[in-house]
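A quick write-up on the structure given underneath.
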Amino acid sequence: MTSEQYVIQQLQAFLKKHRIQDITISLQKPKEEQFGDCSTNLAMQLARHLHKKPLDIATEIQQSFRIDLRYISKVEIAGPGFLNFFVANQNLYEQLSHILKIGRQFGRSEQAAGKRAQIEFVSANPTGPLTIGHGRGAVLGDTIARLLQAIGYEVTREYYFNNAGRQMRVLGESVRLRYLELLGQNIEFPGDHYQGQYIIDIARTIYEEFGDRLQKETDLTLFKDRAEQSIFDDIKHTIKRLGFEFDVFFNERSLYEEGKIDAVVQGLREKGLIEEREGATWFLTSKLGFDQDRVFIKSSGEPTYRLPDTAYHVEKIKSGYDLIIDIFGADHIATYPDVLAAVRALGYDVDKIKVLINQFVTLTENGQKVKMSTRKANFITLDELMDEVGVDVTRYFFLMRNMNAHLNFDLSLARKQSDENPVFYIQYAHARIKSIMALAVSKELKWENKARPEMLKAEEEINLIKHLIEFPKAVEGSALNYEPHRLVNYLFDLATLFHKFYTVCRVITEDHEMTLARLNLIDATRIVIANGLELLGISAPEHM
RNA sequence: GCGCCCUUAGCUCAGUUGGAUAGAGCAACUGCCUUCUAAGCAGUGGGUCGGAGGUUCGAAUCCUCCAGGGCGUACCA
């Protein structure tokens with residue numbers, strides 16, 4: 001049992017004794033050390049119910065609280081009626097050895113065991129390399145997947161794409177024109193076609209294979225297919241470099257082939273939510289409380305994205321996932337309310353679907369904003385970014401901030417000062433520990449299960465232990481809120497506490513007992529940092 | 001106009017779901033390497049939490065209004 005669990009147990013006993021219900025006990029971690037390790041505002045909450053002064057109630061609770069030195073050393077009343085609890089060191093030592101005992105498992109839990117989650121992200125159509133903008137979604141998605149796995153979910157990473165439609169025709173035509181250029185034709189390349197160098201590269205491979213045999217070819221299929229294949233190969237390579245792979249690539253086309261699209265239209269039509277008008281097929285969103293109707297099928301006969309997206313989400317729900325996560329960029333904000341409305345109108349429970357929107361990455365270079373556009377090719381690719389700063393910095397950068405805040409990515413800073421990136425601060429703590437442990441091993445020191453943890457009494461040591469044992473809560477909070485940056489902040493704070501400890505407390509000394517105790521402490525720290533970085537997909541280096 | 005998001009130190013951002021004296025990193029300044037890695041540590045300065053009301057024991061956090069910025073608001077995805 002942790003100290004917190006003991007506190008809650010005692011407080012619940014108090015509530016039961018006084019027959020008080022409908023109160024949820026909340027424990028906070030005070031910012032100030034003098035206010036203890038955890039505190040509760042229960043007395044203030046109860047003041048209204050019991051018609052007594054908060055301070056009087058606090059005193060009652062304090063008097064009924066049974067101090068057990070295995071968990072809590074003292075209880076104090078402070079301020080307007082806070083009850084502050086101080087953790088007994090004995091409990092810290094027990095939890096420290098618990099960390100050492102379970103090692104890599106520390107931080108993982110089974111609370112979502114048996115549940116399945118699907119997370120769809122990136123989902124860029126194969127019209128060009130992944131950009132820094134996609135990178136944010138990619139890293140967030142993979143990390144949230146890792147976090148969900150850490151609390152027991154079985155997770156499927158899914159990439160949804162569409163290789164049909166107008167943009168793919170433009171892509172094919174772009175390649176064809178570049179191919180004709182290679183044949184020496186004078187081509188005026190349209191401004192609204194894909195401008196990137198990669199188009200020329202693809203055209204060249206076609207030229208090398210076919211020579212001029214495609215000169216009269218007007219069917220775009222071959223150009224389109226070659227481009228798609230080449231671009232997808234690149235995308236998969238980039239993803240792999242980032243440190244993960246998708247389990248499923250879901251082609252939108254399969255929804256048509258299996259009749260899912262028609263089923264959606266039919267289903268909504270039966271509900272009176274479909275209408276033909278001006279040659280197009282409309283989804284009557286206005287009947288569902290929205291301000292305007294939306295086109296489902298254009299007068300050209302091609303569906304808009306809303307229709308297949310709806311069919312796709314119906315399929316997700318039918319697959320029986322307990323949790324369905326979509327990660328979109330901010331430019332898709334307007335799309336999901338209609339899609340979810342359609343899914344709901346078809347009678348499905350959309351509560352399992354969580355739509356996470358990540359705000360844009362604003363690129364600045366030399367103080368100037370860089371506008372990114374795949375078509376204009378003035379983007380920085382994710383690969384180029386990783387070439388510049390490495391995978392660890394790339395991932396850390398995308399994870400360190402709340403996803404619904406804009407990410408200001410200063411390219412010149414990322415290039416020039418990449419060794420000042422905070423990720424190195426965390427990795428450095430790990431490398432320092434490995435270095436000490438290597439020295440200990442060379443001195444044939446064996447610390448496992450032989451140390452006396454009660455030797456660890458210095459403020460730096462106690463603070464470090466207290467933070468280490470918060471790790472499972474940090475993982476859980478990060479996972480349940482889909483907020484990787486919380487874990488990043490936790491690890492940064494942990495590194496700070498370790499560096500402080502390192503400066504003040506020498507690990508390997510003449511004092512054998514103390515040496516073993518501290519080796520245990522840094523070993524536990526190493527475990528937590530490594531486990532944490534693993535969840536972020538960032539390496540934990542032995543040397544730096 | 002409407003919808004979603006953002007506004008906290010000079011800059012970039014945290015702030016554990018309403019708690020006690022609002023934090024960190026950069027940038028500036030001052031110290032600390034004969035000892036396990038100085039990619040580190042200690043310290044100084046820096047704030048009307050965009051503004052105004054409201055809710056209550058208590059608000060950066062919740063509600064309303066206003067201002068500024070971003071993204072949408074397509075028979076593009």
Mate of B/C71 where both pairing distances stay under 3.5 Å, Watson-Crick or G-U
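Partner of B/C71: B/G3.
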When both hydrogen-bonding distances must be under 3.5 Å and the geometry is Watson-Crick or G-U wobble, what is B/U61 paired with, if anything?
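Pair assignment: B/U61 / none.
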For a quick check of understanding: with a heavy-atom distance under 4.0 Å over all strands, which category does [X] fall into, base, sugar-phosphate or nothing?
{"X": "A/I333", "value": "base"}
{"X": "A/R506", "value": "base"}
{"X": "A/H332", "value": "base"}
{"X": "A/N408", "value": "sugar-phosphate"}
{"X": "A/Q34", "value": "base"}
{"X": "A/N41", "value": "base"}
{"X": "A/E302", "value": "nothing"}
{"X": "A/S39", "value": "base"}
{"X": "A/C505", "value": "base"}
{"X": "A/D309", "value": "nothing"}
{"X": "A/N162", "value": "sugar-phosphate"}
{"X": "A/E542", "value": "base"}

Could you tell me whether the phosphate oxygens of [N], OP1 or OP2, come under 4.0 Å of any side-chain nitrogen or oxygen in [X]?
{"X": "A/Y305", "N": "B/A77", "answer": "no"}
{"X": "A/K31", "N": "B/U21", "answer": "no"}
{"X": "A/R518", "N": "B/C36", "answer": "no"}
{"X": "A/K500", "N": "B/A42", "answer": "yes"}
{"X": "A/H485", "N": "B/G15", "answer": "yes"}
{"X": "A/Y425", "N": "B/A38", "answer": "no"}
{"X": "A/K298", "N": "B/A74", "answer": "no"}

For B/U16 and B/U48, measure between their C1' atoms and round to the nearest Å.
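Pairwise C1' distance, B/U16 against B/U48, rounds to 26 Å.
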Take the protein atom [atom1] of [X] and the nucleotide atom [atom2] of [N], then report the distance between them rounded to whole Å.
{"X": "A/I436", "N": "B/A38", "atom1": "CD1", "atom2": "C1'", "answer": "14 Å"}
{"X": "A/D293", "N": "B/U73", "atom1": "CG", "atom2": "P", "answer": "17 Å"}
{"X": "A/L497", "N": "B/A24", "atom1": "CG", "atom2": "C1'", "answer": "13 Å"}
{"X": "A/L340", "N": "B/C4", "atom1": "CG", "atom2": "C1'", "answer": "14 Å"}
{"X": "A/N84", "N": "B/G19", "atom1": "CG", "atom2": "C1'", "answer": "11 Å"}
{"X": "A/F290", "N": "B/G1", "atom1": "CZ", "atom2": "P", "answer": "22 Å"}
{"X": "A/I433", "N": "B/A39", "atom1": "CD1", "atom2": "P", "answer": "16 Å"}

Whether A/D37 and A/K29 form a salt bridge (side-chain N of Lys/Arg under 4.0 Å from carboxylate O of Asp/Glu) is what I want to check.
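Salt bridge between A/K29 and A/D37, a charged N being under 4.0 Å from a carboxylate O: no.
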Got a salt bridge between A/R432 and A/E542, using NZ or NE/NH1/NH2 to carboxylate O under 4.0 Å?
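Looking at A/E542 together with A/R432, the answer is no, because their closest N to O distance does not fall below 4.0 Å.
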Taking the six-membered ring for Trp, is the centroid-to-centroid distance between A/Y490 and A/F471 below 6.0 Å?
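Close enough - the centres of the two rings lie under 6.0 Å apart.
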Ring centroids only, cut at 6.0 angstrom: are A/F232 and A/F249 within range, meaning strictly under it?
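They qualify: ring centres under 6.0 Å apart.
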Give the ring-plane orientation class for A/F246 versus A/F121, where under 30° counts as parallel, over 60° as perpendicular and anything between as tilted.
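Rings of A/F246 and A/F121: tilted, as their planes differ by 30° to 60°.
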State whether a side-chain donor-acceptor pair under 3.5 Å links A/T496 with A/Y425.
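On atom types as modelled, these side chains qualify, holding a pair under 3.5 Å.
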Checking A/H467 against A/F498 for the ring pair (Phe, Tyr, Trp, His ring centres under 6.0 Å) test, could you report, in this order, the C-alpha distance in whole Å, the side-chain angles of both residues, the deciding distance, and whether it holds?
CA-CA 10 Å; A/H467 203 252; A/F498 171 75; over 10 Å; no
Which nucleotide in the set B/A14, B/G69, B/C75 lies at the smallest distance from any side-chain heavy atom of A/N402?
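Looking only at side-chain atoms, A/N402 lies closest to B/A14.
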Would you say whether A/Y502 stacks on B/G40? The test is a distance between ring centres of less than 5.5 Å and an angle between planes of less than 30°.
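So no, this residue does not stack on that base, at least one cut-off failing.
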With the criterion set at under 5.5 Å between ring centres and under 30 degrees between planes, would B/A20 be stacked on A/F35?
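By the stated criterion, A/F35 and B/A20 stack.
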Within the modelled atom types, does a donor on one side and an acceptor on the other bring the side chain of A/S300 and the base of B/C75 under 3.5 Å apart?
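No, no donor-acceptor pair under 3.5 Å.
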